[in-house]
J.: 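Got a structure for you, questions after.
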Amino acid sequence: MTELRLGPLLRYVDEDTATVWVETDLPCEAEVRCSPAPGASSGRGAAPGGSARTWQVAGHHYALITVVGLEPGTETPYQVLLDGDQVWPPADSGMPASIIRTAVPDGGAPVRVAFGSCRWAARPEGSRHGPVGPDALEALAEQVRSGGETPDVLLLLGDQVYADETSPQVRARLAQRRALDRPPWSQVADYEEYTELYYESWLAPEVRWLLTTVPTCMIFDDHDIIDDWNTSAAWRRDIAAEPWWRERVLGGLTSYWVYQHLGNLTPGELAEDPLFAAVRAEEDGAGVLRKSAALADEDPESFRWSFRRDFGRVRLLMADSRAARVLDEQNRAMIDDSEWAWLREQARQPGCDHLLIGSSLPWLLPPAIHDTEAWNAALCAGARGERWARRGERLRRAGDLEHWAAFPASFRDLADLIAEVGGGTASSPPGGPADVPADVPAGRSGAAGDVPATVCVLSGDVHHAYLAEPHFAQPHFARAPVSRVVQLTCSPVHNSIPRYMHWGFRFGWSRPGRWLGRLISRHAGLSRPQLSWDRTGGPWFGNHLMTLALHGRSATLGLDRADAGPAEPGTGDGGTGERASAHLCRVLERDLSPPAGKS
């Protein structure tokens with residue numbers, strides 16, 4: 001009998017269609033069969049469901065099943081069958097049924113978007129971090145299974161797996177394949193070893209069940225490949241000289257395509273995707289995917305990892321801020337020209353009440369850190385000569401100075417795009433016309449209702465949570481946006497940082513921190529940023545998830561911390577044989593709707 005190795009993962013859901021991803025141990029016909037939804041109308045023909053033949057990558061078997069015929073606004077239990085035998089839910093799971101919740105038409109209900117980043121499935125061996133605490137995904141699973149608030153989608157904003165920090169359990173499995181005293185040591189080496197990371201991350205019972213019933217969107221960050229991935233051109237030259245690197249990056253990008261990226265696509269995009277068709281046409285698609293991954297790594301403009309998803313009148317644009325970078329020191333950009341053109345085109349299309357821009361890395365950092373990263377970027381570009389450029393590169397890698405602030409032109413471009421989409425305008429140099437491109441879509445007048453009520457930049461990476469709001473002031477911005485613009489940063493889901501970094505982040509927002517940042521930036525001859533911003537919430541430390549509830553032109557933000565409950569039998573970080581249960585505790589609820597008269 002064919003067995004289910006991983007999944008099912010519910011990935012895409014709209015009013016009447018869904019996609020479900022599975023991994024199996026043998027080739028088979030995979031089927032999703034839906035039970036009749038309570039209250040569903042009859043007479044619509046065949047029961048909802050779908051099936052697909054598995055395809056193979058590096059000896060592993062996968063299927064992405066499109067489920068059709070669902071009723072709008074319903075909750076439909078489903079089962080997974082392989083060659084006609086039911087394999088999900090297991091008879092002894094003890095968990096509720098897996099459910100597909102379809103969207104309510106015409107914005108008749110709030111859209112709840114939960115998000116966060118940075119999740120260790122298990123504490124890595126030798127970690128110097130402090131206590132990790134309970135897993136926010138396990139806490140969310142407990143909330144959903146007990147009938148609490150259920151997100152309509154879960155956005156995982158990077159570091160879903162840690163290729164460079166493995167747990168004792170994963171290391172033991174790697175040691176069965178190769179010696180760990182040679183490069184890449186206890187880090188993962190190739191596609192096969194990447195599969196071990198996904199098994200560890202997604203097979204925990206609570207998390208596995210959660211991913212069967214809450215749709216997910218995902219984007220990578222550095223640890224999905226390696227710490228500081230694509231920090232600089234010098235970093236790429238150094239890592240490319242390592243004999244183990246090619247297999248690592250090809251395995252990382254190939255496994256990301258299979259386990260994460262493919263499920264981000266809509267059914268229509270899947271039907272037209274030539275790479276997906278080519279993989280399914282091969283006896284084993286590993287070779288096709290390796291060629292595509294190699295080209296994507298060498299030429300970022302050849303492949304777009306960014307994607308768009310629409311939830312009624314809520315638009316999500318998930319931007320690739322890792323693989324799409326331009327790293328030439330004189331032309332650094334967070335995303336390449338092709339990716340930027342796509343992002344502008346998608347953002348400027350009218351017709352959404354809320355625009356969400358997902359980026360694994362925060363756009364608005366604590367000002368002292370922002371100024372330090374901008375100073376470092378200028379040094380590395382030669383602002384103070386070759387000696388300072390070499391020092392700057394060493395500091396950049398040591399301090400992880402590679403957020404949007406370290407790509408100053410991209411930081412400004414994103415600010416200008418957000419201002420434009422939100423109904424504002426950027427000024428030209430003195431005496432010039434307002435910087436409003438001729439091809440701005442109709443309806444971008446800035447009048448209430450013509451622009452999104454909110455533009456939210458959703459990010460993670462920095463292992464704490466905070467809110468920041470920019471000020472689009474003159475002289476650079478001729479008119480401030482009508483939309484409310486907010487940077488929402490939520491990290492980690494399950495990780496930690498050393499205690500001294502708590503102080504550093506708090507100092508970065510303080511008045512002395514701002515003063516120090518400006519002093520540092522002047523060393524490189526930098527003027528004040530064209531944009532200013534303030535922290536309006538946080539910082540909060542611990543394992544968190546944020547949730548946006550978006551309904552019409554209103555927006556409410558909730559921040560929940562994962563707290564430990566009574567200890568249960570299990571496998572804990574401390575090796576005691578007990579694991580603390582987890583639950584979510586709301587620590588903030590805030591209205592993000594625009595002020596009266598702007599919405």
Side-chain angles (χ1 to χ4, degrees), residues 6 116-142 156-176 180 184-189 193-208 210-211 220-229 252 259 360 400 460-465 490-502 505 540-545 560-585:
L6 191 59
S117 81
C118 306
R119 178 176 175 264
W120 281 340
R123 185 187 182 95
E125 187 171 280
S127 169
R128 295 185 301 239
H129 289 202
V132 177
D135 188 336
L137 285 195
E138 292 189 5
L140 178 60
E142 176 58 31
L156 300 174
L157 293 168
D159 295 344
Q160 276 69 260
V161 294
Y162 280 71
D164 51 355
E165 298 181 61
T166 55
S167 68
Q169 295 84 355
V170 168
R171 292 186 187 201
R173 291 193 287 273
L174 301 186
Q176 295 174 3
L180 301 187
W185 303 282
S186 58
Q187 301 182 26
V188 300
E193 294 183 5
Y194 263 101
T195 65
E196 296 290 349
L197 298 182
Y198 286 103
Y199 299 153
E200 179 182 56
S201 188
W202 292 349
L203 278 176
E206 297 87 351
V207 173
R208 186 178 193 181
L210 178 72
L211 298 180
F220 44 37
D221 199 26
D222 55 343
H223 289 282
D224 291 84
I225 304 295
I226 193 171
D227 189 26
D228 298 338
W229 179 34
Y259 287 85
S360 62
D400 292 342
D461 178 70
V462 290
H463 291 204
H464 69 291
C490 186
S491 170
V493 170
H494 188 226
N495 208 309
S496 67
I497 55 174
R499 180 68 63 176
Y500 71 87
M501 294 184 69
H502 294 205
F505 286 123
W540 295 279
F541 298 94
N543 298 322
H544 291 89
L545 286 171
D560 294 287
R561 182 184 64 244
D563 285 347
E568 314 179 321
T571 303
D573 283 343
T576 61
E578 290 189 339
R579 175 176 52 83
S581 61
H583 64 275
L584 292 178
C585 175

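Side-chain atoms are counted along with the backbone in the values below, which use heavy atoms only and exclude waters and symmetry mates.
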J.: Could you check if a side-chain atom of Thr195 sits within less than 4.5 angstrom of a side-chain atom of Tyr259, using non-hydrogen atoms only?
T.: yes
J.: How many angstroms lie between CD in Glu142 and NE2 in His583, if you round to the nearest 0.5 Å?
T.: 10.0 Å
J.: Provide the closest heavy-atom pair for Val493 versus Gly116 in the form atom of the first, atom of the second, distance.
T.: CG2-C, 3.8 Å
J.: Under the 3.5 angstrom rule, does the side chain of His463 hit a backbone N or O of Ser496 as a donor-acceptor pair?
T.: yes
J.: At their closest point, which heavy atom of Cys490 faces which heavy atom of Ala465, and how far apart are they?
T.: CA-CB, 4.2 Å
J.: How many angstroms lie between atom OH of Tyr199 and atom OH of Tyr194, to the nearest 0.5 angstrom?
T.: 15.0 Å
J.: In Å, rounded to the nearest 0.5 Å, how long is the span from CG of Leu210 to CG of Asp135?
T.: 9.5 Å
J.: Counting N and O atoms only, with roles assigned by atom type, does the side chain of Asp159 sit under 3.5 Å from a partner on the main chain of Ser117, one being a donor and the other an acceptor?
T.: no
J.: What salt bridge (charged side-chain N to carboxylate O under 4.0 Å, His left out) pairs are there with at least one residue in residues 165-175, not counting sequence neighbours?
T.: Glu125-Arg171, Arg173-Glu196
J.: Yes or no on side chain to side chain contact (heavy atoms under 4.5 Å, CB included) for Gln169 and Glu200, after CA distance, side-chain angles and deciding distance?
T.: CA-CA 9 Å; Gln169 295 84 355; Glu200 179 182 56; 4.2 Å; yes
J.: Could you grab the distance from atom NE2 of His502 to atom CZ of Phe541, nearest 0.5 Å is fine?
T.: 5.0 Å
J.: Are the side chains of Leu197 and Tyr162 in touch, meaning some heavy atoms are under 4.5 Å apart?
T.: no
J.: Would you call Trp229 and Asp224 a side-chain contact if the rule is heavy atoms closer than 4.5 Å?
T.: no
J.: Between the main-chain N or O of Gly133 and the side-chain N or O of His494, is there a donor-acceptor pair closer than 3.5 Å?
T.: yes
J.: Using a 4.5 Å cut-off on heavy atoms from C-beta on, say whether the side chain of Ser201 contacts that of Arg119.
T.: yes
J.: Taking the side chain as every heavy atom from C-beta outward, state whether Leu157 and Asp221 have any pair of such atoms under 4.5 Å apart.
T.: no
J.: So which atom in Leu584 and which in Leu140 form the shortest heavy-atom distance, rounded to 0.1 Å?
T.: CD1-CA, 3.8 Å
J.: Can you list everything that forms a side chain to side chain contact (heavy atoms under 4.5 Å, CB included) with Gln187? Sequence neighbours excluded, please.
T.: Asp164, Pro184, Ile226, Arg248
J.: Measure the CZ-CG distance between Arg208 and Leu6 for me, rounded to the nearest 0.5 Å.
T.: 6.0 Å
J.: Donor-acceptor check, side chain of Asp222 to backbone of Asp227, threshold 3.5 angstrom: yes or no?
T.: no
J.: For the side chain of Asn543 and the backbone of Pro134, is there at least one donor-acceptor N/O pair under 3.5 Å apart?
T.: yes
